Amino acid sequence: MNLSENISKDALRKEFAKNAKEYYKVKLFDDKGFSRHTCKICGKNFWSIKERDTCEDSSHNEYTFFKKNPKGVGYVEFWKKFADYFKKNGHTEVKSYPVVSRWRQDLYFTIASIQDFQRIENGKMAFEYSANPLIVPQMCLRFGDIENVGVTGRHFTSFMMAGQHAFNYPKEGYWKDRCIELNYELLTTVIGAKKEDIVYNEDVWAMPDFSGFGPSLESFANGAELVNSVFTQFEYVNGKISEFDAKVVDVGWGFERLLWFYTGYDNAYEAVFESTIKKLKPKLGIDLDPVPFKKFAKVSGELDVDEVKDAREKEKHLLKVAGITLEEYEKKVKPMQAFYAILDHTRTLLAGISGGSLPSNIGGGYNLRLVLRRSLDFLDQYKLGIDIMDIARLQADELHELYPELKECIDSGLFEDIIGTETKRYSKSKENSSKLVESIINKKEKLDISRLRTLYQSNGISPDFIKTIAEEKNVKIDLPENVYSGMIVGDLVKKEKGKKIDIDVSGIPKTEQLYYKLAEDSSSKVLKVHKNLVVLDKSPFYPEGGGQEADHGTIDVHNVIDAQKVGDVIIHVMEKDVSGKKGIAEGTTVKCLVDKERRRRLMVHHSSVHLMSAAARNVLGKQAWQEGTKKSFDKAHIDVAHYEKLNDDQVRKMEEFINNNLFKGIKVSVNYMDRKDAEGKYGFEIYQGHGVPAKSIRIVLIEGKDGKFIDAEACGGLHVAGMEQAIGMVKIIDTERISDGIDRIVLVAGNAALDYITKANNTLTAAAVELNSDKFKISERISSIDDENRRMRKQLQEQQAMVAEQTAQSLSISDRVEKEIDMPREMLRMIATKVIAINENATVLLRNKNGEVVCVSGKGSDQNALEFIKQKAGKKKFVGGGSAKFAEGKLV
Ligand SMILES: [Zn+2]
Ligand SMILES: [Zn+2]
């Protein structure tokens, strides 16, 4: 292939098409009499048994699989049918992975089944699998089409990607012939497609950066795209295309679509949520009339009316094409769309929350909150007579066999707690914002995506809430198209920038990691020196990673102040430039020494953070996933997901949990385990610290001396295995709500705890001496000092009032008073006011040595107070202000 210069999907499509025999033609095509055609509409090449002019793409064909009397089959039962077929054909069924993507740091949620088996190793994709070939009922969350959910009849934010995967061909697994053979058999014998309706479109699939790509065959029948069978065959690295020696078959069956096709319902929601809909129907209070809904879904799904800018114009246009009236649309279509969307959104919330994510305003939790608020708005707007819990319970029950975690999440009360808290929070923010919304509507403010996003993020105001209020006021407002899609957070986690290390390590071999043997010194060979950066053949210095700071120490006489990993190479950051004469020379052997005290403290803090993670799950519940950690010399912290701010009781219980275990004695061990065994034995909780699952993973296990399980995590950090007593005790020194949904717990352990307590004690002792009190009675002492202060302040005020009264009495005998009294301005004000209370014909001007001046005129006086000050100012300038009755300021 000669495409290295300008690689693109189009170029690949042309290249593969030129050689269709090699890339697309499979044995089945000959066996069953499929021949190759070119679509007269879109120009794509496709394979079919019947002669046809066009491919089956849904944009140029209507769906023709709807049945007169559609019959439901049940989600789980249909999965069993699907799974049985593949199991009969040599596949192993693997359990669904969590929907929150803990093992891939670049994604918030699982968005595809293949993701379960991918890991990134040195920037390259590698595959790990527990069976081959396999199928997996992977629940996925994607929010990009949120606007279309409930509307088009086929979009979802949560869906099952029924993964069919074969790895490592030609050594194991299978390839195109077998894949399409299985596909055809499934479609014709299980799903019920007729062979002459089946069409395979030739296409190309590629990673965004072309790090993996290959030909793909899309299966269509009756206007529906049923699945894309991807053959990941090539990679594009450093401008070169090469063929994988371990190819992968990646078929992600859209299970919702397949079930829909099988049942023949008008829209996918009826097929997927059939039993839930049946049970809720009597409560709904709306009429589920499929005819107008279907008419509208059809045009909204197919019609490209982007050129129509004005939203109202677009709506009119759609209604005209669909052939329904505005009234039908408002009364029949919209409530149904809302109901379907709530069904989808509730399942998304169930999956997300049971997987350990929480509605919040950051990351993936942001999208969960958005779907929840959207659902609550719909429930309000259409008064559907059901609530989120009604739906969630039914769904969890139905899906119990496939996804038991959903029901667990409901049975534990967690789901209801979170939805309840969130609902309250939302109605409060609506209450607080209704004034703002009214003013926005009254002012006819322009509401573009960025304004709406800001309103949502800072005031919790959703577009639908604005719409509702506008409708109540009978004002029609225009919101931009796809407003929700413009507000969601994408699937990819925004990358945090790492420290910039300016050194080229190409060609340098992997640094031997002595720190895993807990080595504290070494004789190492210097491979490269660049300014203050040094690379060795082997190193005892732990490079910063997994929240644990780097080891410090010395290389010969030079100070190491940091260590970082670049690929597999450890870069030692020196205090000063060592590339000169008296520095470190390449090719020489140097003596490395790690700062032992620092190392031990980092280890103690790391193991303590694992203990805290276990404590959080024990006290707060399973959803208290670890969101981030930091282990430093003098303290450590762990961020845990929690839907409410931590209270004192929870903090105390967590501390007790840890210290009770420490007093009884714990055992920390580090073992390499097969990934499959580790996941099976300890569950996905091992990915708390975001350890990357390789075939063999490093498991840090903490148990009680009695063998009681405490915590297990995939972790690359250093731990106190064999020196557990170094932890001593763990003390929580602070907690902080760092963002909506996440609490930070700051802790100290071991020597750092001792330092902290000593320092706290010294501070307390010094304070006690200062206050002339006992250490533990400081707060009583302070409150008695407070009382004393209050009493004295009161006394002072009484005395001042008395002085003011006496002075006023003596001044009130004349009508014009001008006098210097050396007292603060407040006193001057008090005296002057008292004078005019006694003599209402008086005008009183008082000043002090600082030049501050106050003038007050009584009711019966016709002297203007402000003018009086100005008159008497002499050479000085009056800075201040006031009125005819009262003026004050300064003479300068
Ligand atoms: Zn076509
Ligand atoms: Zn760890």
Side-chain angles (χ1 to χ4, degrees), residues 13 17 24 36-48 50-63 102-103 105 197-204 216-225 228 302 304 515-516 518 542-550 599 601-617 625-632 636-640 658 666 668-673 678 682 685-693 697-702 710-721 724 727 730 745 747 749:
R13 215 170 268 134
Y24 294 113
R36 189 166 184 251
H37 311 270
T38 301
C39 177
K40 295 221 161 71
I41 299 177
C42 66
K44 273 194 180 172
N45 298 306
F46 65 91
W47 298 77
S48 70
K50 235 169 54 178
E51 277 299 319
R52 35 170 96 229
D53 291 338
T54 63
C55 74
E56 274 284 87
D57 194 289
S58 51
S59 70
H60 30 277
N61 285 291
E62 284 192 7
Y63 293 139
R102 300 283 171 187
W103 62 96
Q105 292 179 51
D197 290 337
I198 296 176
V199 167
Y200 293 101
N201 271 22
E202 296 178 0
D203 205 354
V204 168
S216 69
L217 283 166
E218 295 172 311
S219 319
F220 288 87
N222 306 91
E225 185 193 338
N228 192 8
E302 282 173 19
D304 185 14
Y515 46 84
Y516 277 141
L518 297 186
Y542 178 83
E544 183 174 357
Q548 181 178 333
E549 287 184 358
R599 156 79 64 84
R601 283 179 176 230
L602 297 176
M603 283 165 55
V604 161
H605 276 150
H606 201 143
S607 300
S608 303
V609 162
H610 283 215
L611 283 168
M612 190 56 77
S613 177
R617 267 172 291 135
W625 277 84
Q626 178 175 317
E627 297 290 342
T629 62
K630 174 111 182 142
K631 300 98 179 181
S632 318
H637 73 238
I638 170 169
D639 300 333
V640 294
I658 298 180
I666 59 162
V668 179
S669 55
V670 180
N671 290 297
Y672 284 87
M673 280 180 84
Y682 303 118
E685 277 82 357
I686 56 173
Y687 300 126
Q688 285 282 343
H690 302 297
V692 181
I697 43 185
R698 188 172 182 267
I699 293 286
V700 176
L701 175 66
I702 306 184
I710 299 174
D711 184 73
E713 287 180 42
C715 175
L718 300 186
H719 287 270
V720 293
E724 293 81 356
I727 298 179
V730 171
I745 305 169
L747 60 97

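Because the structure is a prediction, the values reported are computed rather than measured. Counting convention: from 1, in listed order, for ligands and their atoms alike.
- Side chain to side chain, S632 and K630 fail the donor-acceptor criterion of an N or O pair below 3.5 Å.
- Here the Zn ion (ligand 1) is the vertex; the SG atom in C42 and the SG atom in C39 give an angle of 110° (to 10°).
- By the 4.5 Å heavy-atom criterion applied to side chains, I41 and D57 are not counted as neighbours.
- Residues R599 and Y542 approach most closely at NH2-N, 4.4 Å, considering heavy atoms.
- Taking 2.8 Å as the threshold, H719 does not count as a candidate ligand of the Zn ion (ligand 2), since none of its N, O or S atoms lies below it.
- In summary, E685 and R617 do not engage in a salt bridge, as defined by a charged side-chain N under 4.0 Å from a carboxylate O.
- C715 contributes SG and H610 contributes NE2; the angle these two atoms make at the Zn ion (ligand 2) is 110°, rounded to 10°.
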